[in-house]
Amino acid sequence: MLLTVTDIQKTYQTADGPFAVLRGIDLCLAAGETLALTGESGSGKSTLLHLIGGLDTPDAGQIVLQGQDIAALDDTGRAALRRGTVGVVFQQFNLIPSLKVGDNIAFQARLAGKHDPAWAATLAEKMGLTPHLNKYPEQLSGGQQQRVAIARTLAAKPKLVLADEPTGNLDEATAGVVMDLMLQLVAETGAGLLMVTHSEALAARLSRRLHLRAGQVA
Amino acid sequence: MTQATLLALLSHWWRNPLQLFTLLAGLALATALWSGVQAVNAEARASYDAAAATLGEAQYERLVRPDGQPMAQATYVALRRAGWLVSPVVQGRLEGVRIVGIEPLTAPGGIGPVAPQEGADFGSFLTGEGQLFANAETAARLPDLDVIISPDIAPGTAVTDIGVAQRLLGKADLIDSLIVLPAQPRTRVPLAEIAADLTRQPAQGGSDIGRLTDSFHLNLTAFGLLSFAVGIFIVNGAIGLAFEQRRPVVRTMRALGLPLRRLILLMGAELMIFALIAGIIGVALGYVIAALLLPDVAATLRGLYGADVSGTLQLRPSWWLSGLAIALGGTALAASGALSQLARMPLLAAAQPRALAMAAGRRARLQGYAALVLLVLSAILMVTAEGLIGGFGLLAGLLIGAALALPLLLDACLNLMSKAAKSVTAQWFWADTRQQLPGLSLALMALLLAMAANVGVSTMVSSFRLTFTDFLDQRLASELYVRTDDAAQAAGLIGFAKDRVDAILPIQSTQTTVAGQPTEVFGARDHATYRDFWVFLQSTDDAWGTTFAGRTVLINEQLSRRAGLDVGDTMTLQDRDFQIAGVYGDYGNPIGQAVLGEAIFGMLYPDVAPRNYGLRMPPEDVPDFVAGLEAATGIPATQTINQAGIKSISLAIFERTFTVTTALNILTLAVAGFAILMSLLTLASMRVPQLAPAWAMGMTRRQIGWLELLRAVMLALLTALVALPLGLALAWALLAVVNVAAFGWQLPMYLFPADYARLGVFALLAAALAALWPALRLARTPPADLLKVFSNER
């Protein structure tokens, strides 16, 4: 099993006191499998994604990725996990505005020491970004920027791709194109995919779905 | 990983050159002001040290005649034969250059250019046809003599063999003083048996000139520190804004797996490289500032204290290194806050919004408490501070406390105005200004410090000038001063003057020690001049009357403070007790002073004969009198000093002093204006999303631009209102605490409202000029850019 999540709990402090976002979540994901995480706003989808990606730490529970317990890692260990094993696609793209498109695509792979120029060129080609490699992100449309973000994630050949509403900022037609490309490339790399989405249509295209309600699996 | 990260970090500056310029320029300007002032100070101090080394005056005890006249060379020979290890010195002036004649074979090492351990050419020095050593500047003033260039010789001084000096100065077989070597044989014959007419002048701990001019240098150093503090605020602001703008990128890089420690190390290294580059530019700029200021500083010190300082600047490795160290240290200081925030920054922006808001609130409260504690501490120190440490503690507490309190004060003011606003535009303006405050607060703190420094230092210098002018009126009451070389000239002068002037006031003094303090005792003739012109800090009813009658003594403030003597106390001179009748201000004098009546002075110090005289007469009679005196007695005009001339020279010197302080004032204010400009420019690009809604709801871009300009001027005005009392408190601390601790005398403080108003106008102009460009940029923002704010694609 690529990923096993057991009884994960997370609580935030708010103005009104502590708020339990996740209250004992369990899930598992095999390599090459795609899983949609759905639920209302505030149900804990993004929080769960962040915990699995090593961007945050759980209060209790276990997250085992490729046999390694993420919750037990320190900051350096989680950073190594993020650059080598996991790839995150954000809703806001989170590109580096001062780097050109080509450098953005190569960035995470370089961090991980896995930069493969041929693979990066293939990804750019498949994403239709080759003519834009020398442009800055601000010169691209939203759909193009999200394609750069996906290419950046896949360029590092992660074992697990985490996507947080990757098409949330795009129109329907562009979202469809971007989704097609992402699913195709994830399948080619054999990585697992865990995607947070509000869209029933997108969720239906993945192999499995997990619905969260008030921090628990519904 | 490192290469990819560095590429990403450096690409930010490539894409935002203005921010890079802000950072480099802020640090370079801060370093320039600091190193410029330090260079001037170091150059002047090096000149004093060279002077002290050349003359040996600081290190060695000397034998001199009490009346200051030369002694016969035979006395020197007799002393050497009696076992005394002494070395002769002859001094005098030639073409305005101080000629110092020494005997290299007996002189202690280090007081001349030719020391045995250096293996110098003794032969040419001893037997040359008038060979002299001097620096290049001095050598140019002696074109007819054989001068060897030696940069280590004090400015305005030429050193030569004693025989050459005697010949050049017309002092054949005469010696001015004898240096007493530290190690003396026990078997030597007592001084009284060989040369009873000589007295021992003790060695001094430091250079006289150095002590005299410490006041001037302290002011310059304080100014340099303040300028550097202003610069550090700019750097802090520039680094803070750069970090703020890079926060999303930093978060992304960390999310993509860059370890925090590596990121902090690389960002720290990046800043240090910038600091090094800016430091080199800053030190070079500082050199230019110093080179421009040094001629004025040299003229000021020469005129004010008689200190010869070279008017040209030498490149000294020490201040290159200290300038770079201060640039690196300043950057580290300014960056430490931003880096520590970065280390604590949560990886997810929206993870804990409430916690972040609470943390921001905690920081503001902490800043408020720190400001309160520092200001209360300053208030306590105002009453209790003694000594330099207390004085500087007071200055630091005042400045840092006020700077920390400024954003909170401004926020409270803006909140009040926001509540009082009636129109929607006004409400939006005040609320928007409050929102801008955190981004501008560091620049406004820099402006506060710059203005407070201006008010403080200008008040101090102007007060010094007014006080010194009054002091000149007091001390230079006589219309003409005449120096006589010997008893015959003195008699000739008195004979010629007695029927031609209103009064002859002999000036006679001797050195002694009172309560362990070196003190100069004067004997004053009973005359209305003293009663009319001298101002006491405290005195009995008839202080002059009892003093002229020989019953009391008057002392200066320095002696009063250092020896703990006040009016009514008793002090002893030559085993005779005198009650102190008055304490007078004596500005610029490093040692204690006491004034006795002429008669009792003559009884206590019968060997001291007056050589200088003050003459009272109508000012218009002075030129004829000087001409007549020369014709009748042979006393040349060069031995007379016209009071009006001295005053005009003194005032001219002060104008030069003002040139220095005005130049520094303008520089500091310019640096603060630059801080505002850079903050506004950096904020301008972040302002578009905030201004777009106002534009969309009906405000024109022109209106928005005007309001941006108004905002900067209004914030500068509020800052100026805080800076005025702070500057006055700073001036008070400098005059009443630091000056007393450092030099033993207190200066009265005068206020100069017109100067402050002018400074306020300058500050508002600087703020308006700084805001003009960013406001224009905002007013000309293309509608397409404003529309992007509402687009999902942004």
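In this text, all values refer to a predicted model and were calculated from it rather than measured experimentally. A note on names: the letters A, B, ... follow the listed sequences, proteins ahead of strands, and every chain is numbered from 1.
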Would you indicate whether the side-chain heavy atoms of [Y] and [X] approach each other to under 4.5 Å?
X: Lys100(A); Y: Ser11(B); answer: no
X: Val249(B); Y: Pro97(A); answer: yes
X: Leu256(B); Y: Arg152(A); answer: yes
X: Leu7(B); Y: Arg110(A); answer: yes

Check your understanding: Hey, which of Arg15(B), His12(B), Gln3(B) has the most heavy atom pairs under 4.5 Å with chain A?
Key -> Arg15(B)
In terms of heavy-atom contacts, does [atom1] of [X] have more than 12 from other residues, nucleotides or ligands at under 6.0 Å?
X: Lys114(A); atom1: NZ; answer: yes
X: Glu40(A); atom1: CD; answer: no
X: Arg261(B); atom1: CZ; answer: no

Exercise for review: Report the C-alpha distance between Met253(B) and Ile96(A) in whole Å, list the side-chain angles of each, state the deciding distance to 0.1 Å, and finish with yes or no for side chain to side chain contact (heavy atoms under 4.5 Å, CB included).
Suggested key: CA-CA 8 Å; Met253(B) 289 200 286; Ile96(A) 297 175; 3.8 Å; yes
Point to revise | Contacting moiety of Asn94(A), where chain B heavy atoms sit under 4.5 Å | key: both
**Study point:** Phe107(A) side, atom CZ; Thr252(B) side, atom OG1 - distance, nearest 0.5 Å
**Key:** 9.0 Å
Practice item. Work out which heavy atom in Arg82(A) is nearest to a heavy atom in Gly257(B); give both atom names and the distance. Key: CB-CA, 3.8 Å
Point to revise | Derivation of the side chain to side chain contact (heavy atoms under 4.5 Å, CB included) call for Arg83(A) and Arg254(B) | key: CA-CA 9 Å; Arg83(A) 61 176 184 268; Arg254(B) 286 197 59 203; over 6 Å; no
